[in-house]
Asker: 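Let me begin by handing over the structure; questions about it come next.
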Amino acid sequence: MQIDMMIKTLIETALKQAQLDTWPDIEIEVPNDTTNGDYATNIAMKLARVLRRAPLAIAESLVANMPDNPAFKHIEVARPGFINFYVDKRIYRDVIGEVLQAGADFGASTIGADRRVNIEFVSANPTGSLHIGHARGAAAGDALARIMQKAGFNVTREYYVNDGGNQINQLVRSIDVRYRQALGETITMPEDGYHGPEIIVLAKQLVADHGDRFLHEDGGEQFRQFGVNHLLAALRADLETFRVHFDVWFSEATLYENKTVEATIEQLKASGHTYEEEGALWLKTSHYGDEKDRVIVKSDGSYTYLLPDIAYHADKLSRGFEQLIDILGSDHHGYVPRLKAAIQMVGGGENALEVELLQMVKVLQNGEELKMSKRSGKAITLRDLIDEVGVDPIRYFFAMRSLNTHMELDLDLALKESNENPVFYAQYAHARIASILRNAAEKSLKPNLNRRQFETLQSDKALELLAVLVDYPLTVELAASKRLPHKITQYIQRLAQAFHTFYASETVISEDAEATEERLVMLHAVKTVMQNALELVGVEAKERM
RNA sequence: GUUCCGGUAGCUCAGUAGGAUAGAGCAACAGCCUCCUAAGCUGUAGGUCAAGGGUUCGAAUCCCUUCCGGAACGCCA
C-alpha cells in the first residue's frame, strides 16, 4: 500500500487533464501539522513559476481534475498553494494482513537491487582494547549493514586488521617492556608505547609460559604473534558480545605476503600516476581533487600508510564490490580526499568509495568531561561499557544519533537504567504486547491470524497505530538509501508511543469477542514490526520486563 | 593560517530534496492505577534556529562574513 504513489498518480492524471505534458518533480510530504492533512504537495507552487499563474488557481484546477478515489476523505486547497490530502484511515487496516503475511520480512525491499556493498568499520589496530569511539563505530556500522541488507543490498561487513605496519613493531616493543617489568627490570614504557592494562596481562602470560627465556634470546616474533592473536581474539569476542559479526577479517600482512602492495606500486607507476622527487615516490593525488600530492614510498624505501591502504581498497574492488563504504572517525577526514583520489587511479569510479565520518564521542562523568589518554592507557573500553550498562542501551543510544553529529555520552545517565533511557520505552511496548498476548492465550483466546476484516478497528488511536505500521517500509528504504540509521530509532519511538497511547485508551481483551480478536490480530502485527525494527539496530525485543 | 564537523527548548538531539504555526525525548509543572505491566497515559510551560547580510513567493535548510566549540592539516599510522 503506497499512498504516496496513489497521490502521485492522482496528480499526474490531473496534470494530463490540464493538457500539460511536462512538469516539475512531484513532491509528496507529510505535513507536521495534521490540520494540514495527512499528505500534501507543493506542485501548484512549483508550477506557478513555469506557468506564470497564481498557485491557488492552479491548485484549484488540479483538484477539480482529479478522479474520485475512496482512499481519500477529502482533498483541499490551502494557502499559499498547497494541496492537502486527507486519508480515510480505514484503508490502513490492510497493513495488518501485509505484516502477518511477511513476518520478519515486513519492511524488506529491493531498492538495493542486490548491489554488492562492502562496509568496512571499526578496524581498530590489534594493539589494545576497543574503546568507546570504536563502540560507536561498531554500533553505527552494524546498524547500517543490517538496514541496507533489509533494503536489498548484498552487504559484506569487513574489518581491516592493521597487522603489518609500524604499530605492530610498537606493540612488540610495548610487550617487551611489560615483559621485562614483570621480571623485575626497572624500565619505563616509552611515550609512544601502548600503555593499556591488557598489555600487562599479555606480558604476565608470556612470563608464565616461557619464564625469562626472552631476556636471553630475541622474543620479537613470539611477542608479535602472541600479542596480535590474543588481542584480536579479545576484540572479536567483545564485538560478538556487542552483537556485531564481521564476515571478513582482512589482514594487512597478507597484502605484503601476496605481493599485492608491490603490484599496486607497479600499476600506479605504469599508469603514470607517480613521480620521483627527493628520493621518494609521490602519487599525483592532486589530479583527483586532493589538495597536494602524497608520498607513497619514503626516501628510505619504506611505505607510507597510504600505499597498503590503496592496495587494500583495490583488493576490495577486485573482489567484485560495486560500492565501498568506510566508516571512519572524523579525525581521519583529512585522509579521505587522498584515498578517494588513489582509488580512482586503481580503477574505481568517482563514487566507488563512500566515507561516513563519525564525530567524536564526548564522555561525561559526574558532570565532567572524561579525557581519554593514550599515555596512561586510561580509556573507557567497550567491555567496561557492556558490563556496566548492557548491550541494548549502548547500541540504541549510538543508533539514535546521526552519524556525523558530535555526541555526548553521560555515563551517570546511561548507568541509571531509568526511563531517561529511551530504549526501555520501546522494549516496554514490546513486552506489554507480549504480556497481553500471553493473557489472551491463558484465557484460551486464539485469534485467527488469517483474519483480514477489521470492521471494529475504528478508534483514532487504533487507526493512528496502523498508520505508523504503514510507514515502516518507507522508513527502512529512506534509512538505507540515505545511510541514516537513526531514522530507525526515531521510528521505534513513534511506534512505541502510538502503541502506548492506544493501550492506555482502550482495553484489548473485552467482552466483545469480535473486537477482541481484531485487536489481538492487530497487536500481533505491531509486535512483529517492533521486533523487526529493533532487530535493525541490534537491540533485543524483550518478552517480559 | 587552511580544511572538515558542529552551534536549534533548561539538557541530549531530530529536522538530508527550500515549504504552512520549528519537533521529539528527558528535566519542570498539573492531573490519571477497582481495569490486559504506571519503565505507562493526558495536559501545561518552555525558542531571536550562534550573529549579521544576501538569494526568492517562501530559509533552521542555499550563498557570503563574523563569533564560539571539536577535529585534521607528516616521507606517522
Side-chain angles (χ1 to χ4, degrees), chain A residues 25 27 29 31-33 35-37 40-42 45-46 48-49 54-55 78-82 84 125 127 162 165-168 170 192 277-282 291-292 294-306 308-309 329-337 357-360 362 364 397 400-402 404-410 413 417-429 431-440 442-443 461 478 481-484 486-487 489-490 493-494 496-497 499-510 516 519-520 523 544-545:
Chain A
D25 271 358
E27 290 175 47
E29 56 164 40
N32 35 33
D33 185 341
T35 62
N36 289 318
T41 180
N42 61 358
M45 287 181 284
K46 286 186 144 188
R49 214 169 290 189
R79 288 158 64 87
F82 289 99
N84 299 334
N125 295 340
T127 55
N162 291 102
N166 228 328
Q167 66 281 5
I168 293 302
Q170 201 59 253
D192 55 355
E277 196 176 291
E278 295 170 25
L281 189 67
W282 293 72
E291 57 181 6
K292 62 178 189 176
R294 308 289 173 177
V295 169
I296 52 174
V297 182
K298 300 184 235 172
S299 48
D300 68 359
S302 63
Y303 304 145
T304 63
Y305 178 78
L306 180 59
D309 223 8
S330 66
D331 51 339
H332 291 87
H333 84 262
Y335 183 70
V336 175
L357 291 174
L358 294 173
Q359 298 297 326
M360 300 283 125
K362 181 171 162 186
L364 296 179
F397 187 79
M400 272 170 61
R401 266 54 168 172
S402 72
N404 74 344
T405 201
H406 297 262
M407 63 177 284
E408 201 170 88
L409 177 62
D410 187 332
L413 201 74
E417 287 212 8
S418 72
N419 59 346
E420 289 170 51
N421 206 329
V423 69
F424 293 115
Y425 185 72
Q427 288 180 316
Y428 185 51
R432 260 183 159 176
I433 296 171
S435 171
I436 295 170
L437 298 180
R438 276 195 303 273
N439 288 335
E442 274 168 28
K443 292 181 172 137
K461 315 280 180 178
L478 180 69
S481 60
K482 303 277 186 186
R483 326 288 195 236
L484 302 172
H486 70 278
K487 290 286 174 197
T489 49
Q490 286 180 352
Q493 290 300 301
R494 211 151 65 82
Q497 180 171 43
F499 165 72
H500 284 307
T501 299
F502 164 78
Y503 176 93
S505 77
E506 50 195 285
T507 309
V508 174
I509 299 170
S510 73
T516 297
R519 284 188 292 247
L520 286 172
L523 289 190
R544 299 167 194 275
M545 284 176 76

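All heavy atoms count here, side chains included; hydrogens, waters and symmetry mates do not. Throughout, protein chains are lettered first and strands after them, A, B, ... in sequence-line order, and every chain is numbered starting at 1.
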Asker: Using the side-chain contact (heavy atoms from CB on, under 4.5 Å) criterion, which residues pair with L281(A)? Sequence neighbours excluded.
Answerer: I265(A), K269(A), T274(A), E276(A), I296(A), V297(A)
Asker: State, to 0.1 Å, how close T489(A) and M400(A) come at their nearest heavy-atom pair, and which atoms those are.
Answerer: OG1-CA, 3.3 Å
Asker: Taking G69(B) as the reference, what is the distance to A22(B) when you measure between their C1' atoms (whole Å, please)?
Answerer: 24 Å
Asker: For RNA chain B, just give me the dot-bracket, please: Watson-Crick or G-U, both distances below 3.5 Å, ( ) intra-strand, [ ] crossing earlier pairs, | paired with another strand, . unpaired.
Answerer: (((((((..((((.....[...)))).(((((.......))))).....(((((..]....))))))))))))....
Asker: Could one point to a donor on the side chain of H500(A) or the base of C41(B) with an acceptor on the other under 3.5 Å away?
Answerer: no
Asker: Would you classify S302(A) as touching base, sugar-phosphate or nothing, given that sugar-phosphate means primed atoms plus P, OP1 and OP2, and contacts are heavy atoms under 4.0 Å?
Answerer: nothing
Asker: Would you call F82(A) and T41(A) a side-chain contact if the rule is heavy atoms closer than 4.5 Å?
Answerer: no
Asker: Does the side chain of Q359(A) get closer than 4.0 angstrom to OP1 or OP2 of C4(B) through an N or O atom?
Answerer: no
Asker: Using only modelled atom types and a 3.5 angstrom limit, is any donor from either the side chain of S299(A) or the base of C75(B) paired with an acceptor on the other?
Answerer: yes
Asker: Taking atom P in both G6(B) and G10(B), compute the distance separating them and give it to the nearest angstrom.
Answerer: 22 Å
Asker: Using atom C1' of each nucleotide, how far apart are C26(B) and C62(B) to the nearest Å?
Answerer: 33 Å
Asker: Got a donor-acceptor pair under 3.5 Å from the side chain of N84(A) to the base of A20(B)?
Answerer: yes
Asker: Please report the distance separating the C1' of C11(B) from the corresponding atom of A27(B), rounded so that it comes out in whole Å.
Answerer: 7 Å
Asker: Look at the side chain of H406(A) and decide which nucleotide, out of C75(B), C5(B), C13(B), has an atom nearest to it.
Answerer: C5(B)
